[in-house]
Amino acid sequence: MRMTDAPRYRFAPSPTGFFHVGGARTALYNWALALRTGGTFVLRIEDTDESRNSPEWTQGIIDALSWLGIDSNSPQFEGPYFQSHNAALHVAAAQRIFDAGHAYWCDLTPDQVQERAKETGKQGYDGYSRDRGLTGGPGQVLRFRVPAGSTVVTDLVRGDVEFANDTIEDFVLLRSNGSPMFLLANVVDDIEMRITNVVRAEEHLPNTPKQQMLWDSLGHTPPIWAHVPVLVNEQRKKLSKRRDKVALEQYRAEGILPDAMINYLMTLGWAPAGDTEIVPWSLMVDEFRLEDVNHSPAFFDVKKLAAFNGDYIRAMTIDGFIAACAPHLETTEAWPHERFNADVFAAIAPLVQTRVVTLSEVPAMVDFFFLQDPTIDQAAWDKTMSADFARDVLKDFAAAIATAEWNHDSLKQILESWTEARELKLGKTQAPIRVAVTGRTVGPPLFESIEILGREESLRRITASIARLG
RNA sequence: GCCCCCAUCGUCUAGUGGCCUAGGACACCACCCUUUCAAGGUGGCGGCACGGGUUCGAAUCCCGUUGGGGGUGCCA
C-alpha cells in the first residue's frame, strides 16, 4: 500500500475542558486502526469558535492521548489542527455551494422560523426562502437546499441506513454574522485534511446524511463512516459530565493504570477472541475490527475497570509497582511528608501489591509505618481489646519479642505457641497486636509488618496499648 | 411530534441457521488455602424482551409489539 493510499482517521474532540472516557475509547479505536493499516491518526480540535480554544486544553488532550499510548510524536500522528483556524476556508466552501445552487439565503430569525412552524403545525424550518432569490447580507443565513429523494449512509458498524430527505430541514451553513456552522466546517476540514475514515460516537449518526450531502455538493466522495455505540451510566443514559464521573484525568489521578484503562475501554462494545478479556494492546491492534463492534450502548462499569486494574497491578514487577506508587506516596496527606521512608515502603510493597485495585489506596494501607503513632480506629480497638486474653497476649508477646530473633517467621512462632498453649486461634490472638501496631483490624500481614517496623518501635506501640488498656 | 439506532445472565460480551443442555469476563454466593484483609484455587447462582412468521431446524433470517437510547439549534 502506498503511503498516499493509507487511510486517514480523524479524531475530533471538542474543547470541553476535560477528556471524556467516551472520547478516549473512540481515540483508541482510531489509533488501533491507524496502527494496523499503516494509516494516520489526525487530531483536530473541534470548535468553530476561536475563543473556546485554549492552549491548556490542547495540551491536556495531548497529554491524555499520550497517557493512552497515543504518541503525538509518532509519524502516524498528525496535528493538532484547529477547526477555528480555517474559517475562511469554510466560508469559501459555502460560497461554492451557493454558486452551484445548492444553498440559498434566508432572512428569517430563529423566532420567526419557530413562529411559522407553529402556524403550519410542522416541525423546524419549512423552506420559506428557497425561491425568494435573496442575495445575502447582514441578518441573512445561508441554508443548504436539501434535495428530494433519500440519502443512504453506509456505515461499517451498522450497515446501510436510509434517511428520507424530506425529514431533513434546510439546515444553516453560515450564520447571519457570516461565521460557519460546525457541520459545514467539519466537512470542509475533513476534505481539506483528506480524511478517509470517520469513526465517532453513534450520537452523530442522524447528522451524517447532512454531512454526506455536503460532501456531495462539494464534489467529493464521502469518507467511510463508522458510528460506535455510546457509553452509558447505570440509568442507561449517555455519560455526561454533570451526572457521571467521565473525566479520564480523574481515573488517572486515582491510580488507574493506563494499560488497564485502555484494555477496559477496548472491551466496551467489543471483545477479543478467547476466554480472557485481559489482553495486550498489540493483540487488540491485530484483532480489532469495526465490523465486530456491538450495536448497543455499553455501561461504563467502574467495578470492572477496577478489577482490570487490580489485574494489571498484580502483573507489574515489584520495581514497576514501587515506581508507579511514588506519585501517590509523595502527594499523600496520610502522613507528614518528611516521615516517609522509601526503604520501608519497598520492603512492604510486595504485600501491598495484591491488596489494592487502584494506586490511590496504597497510602492508607501503609500509613502506620510513617506515622509517629498509628491512628487507632475506635471500633477496631473496642472489638479486639474486649477479648479476655487481650492484655495477656500483648504483654507476653511484647516480652517475647524484646529478645527474639528478628524475622517474621520467629515472630509468628512466638504467637503460635502462645496461642496453642491456650487452645485459641491465631486469627483471634493476632488481632489485639494488629490493632496496637497498625491501629486497624485489616492491613498487610502482621508479622511481616512488625519485622519491617522494627523491634523498638513495635515494642513501643504494644506497650502504649497496654498502658491505654489501663 | 418527527427521524434514526438498539435489544443474549445484574453488567461487559461470545454467538452470523444445526457445533447451544447458550460459552467467557466482572459482580455476587459457597468452599479450599490462610496470621487480618487480599491474592490464588474449586464450585454455584444467573440470560436469548414478547408475539407472529420463514425453515426439517432460529439466540441467529423476516414482520409486528413492547422497552430503551440518540438526534431533531444562527451548539459542538
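FYI, side chains are in, hydrogens and waters are out, and symmetry mates aren't considered; it's all heavy atoms of this structure. In what follows, chains are A, B, ... by sequence order, proteins preceding strands, each numbered from 1.
Listed by chain and number, the residues in a side chain to side chain contact (heavy atoms under 4.5 Å, CB included) with P147(A) are F144(A), N165(A), M213(A) (sequence neighbours excluded).
For E203(A), the side-chain atoms get nearest to G70(B) when compared with the rest of G70(B), A76(B), C12(B).
Under 4.0 angstrom from either OP1 or OP2 of G71(B) there lies at least one side-chain N or O belonging to K238(A). A sub-4.0 Å separation between OP1 or OP2 of C75(B) and a side-chain N or O of R175(A) is present. Put simply, N294(A) has a side-chain N or O that comes within less than 4.0 Å of OP1 or OP2 on A14(B).
Nucleotide U35(B) holds its P atom 11 Å from the CD atom of E420(A), rounded to whole Å. Put simply, NZ on K304(A) is 7 Å from C1' on U11(B), counting in whole angstrom units. Going from atom CG of D170(A) over to atom C1' of C74(B) covers 15 Å, rounded to whole Å. Here G10(B) presents its C1' atom at 14 Å from CD of Q235(A), a figure rounded to the nearest Å. Put simply, CG on L184(A) is 17 Å from P on G73(B), counting in whole angstrom units. Protein atom CZ of R314(A) is 10 Å distant from nucleotide atom P of G41(B), rounded to whole Å. The interatomic distance linking F299(A) (CZ) with A27(B) (C1') rounds to 11 Å, in whole Å.
Using the Watson-Crick or G-U wobble rule with both distances under 3.5 Å, C28(B) pairs with G44(B).
Here the separation of G41(B) from U55(B), taken at their P atoms, is 50 Å to the nearest Å. Look at the P atom in both C2(B) and C12(B): the space between them is 29 Å, to the nearest Å. For the C1' atoms, the distance from C29(B) to G68(B) is 30 Å, rounded to whole Å. Between the C1' atoms of C20(B) and G15(B), the separation comes to 9 Å (whole Å). Straight-line distance between the P atoms of G69(B) and C74(B): roughly 26 Å, to the nearest whole Å. If you take atom C1' in G47(B) and the same atom in A59(B), they sit 10 Å apart, rounded to whole Å.
Looking only at distances, no side-chain donor or acceptor of T167(A) sits under 3.5 Å from a matching main-chain atom of F163(A).
Across all strands, T441(A) comes closer than 4.0 Å to base atoms (heavy-atom distances). Within 4.0 Å of S176(A), counting heavy atoms only, lies at least one base atom of the nucleic acid.
Using a cutoff of 4.0 Å between basic side-chain nitrogens and carboxylate oxygens, D49(A) and R52(A) are scored as salt-bridged. The pair R158(A)-E202(A) meets the salt-bridge criterion, with a side-chain N (NZ, NE, NH1 or NH2) lying under 4.0 Å from an Asp/Glu carboxylate O.
Judged by distance alone with a 3.5 Å cut-off, a donor-acceptor contact links the side chain of R355(A) to the base of U36(B).
Between F18(A) and H20(A), the ring planes lie tilted relative to each other; the angle falls in the 30° to 60° range.
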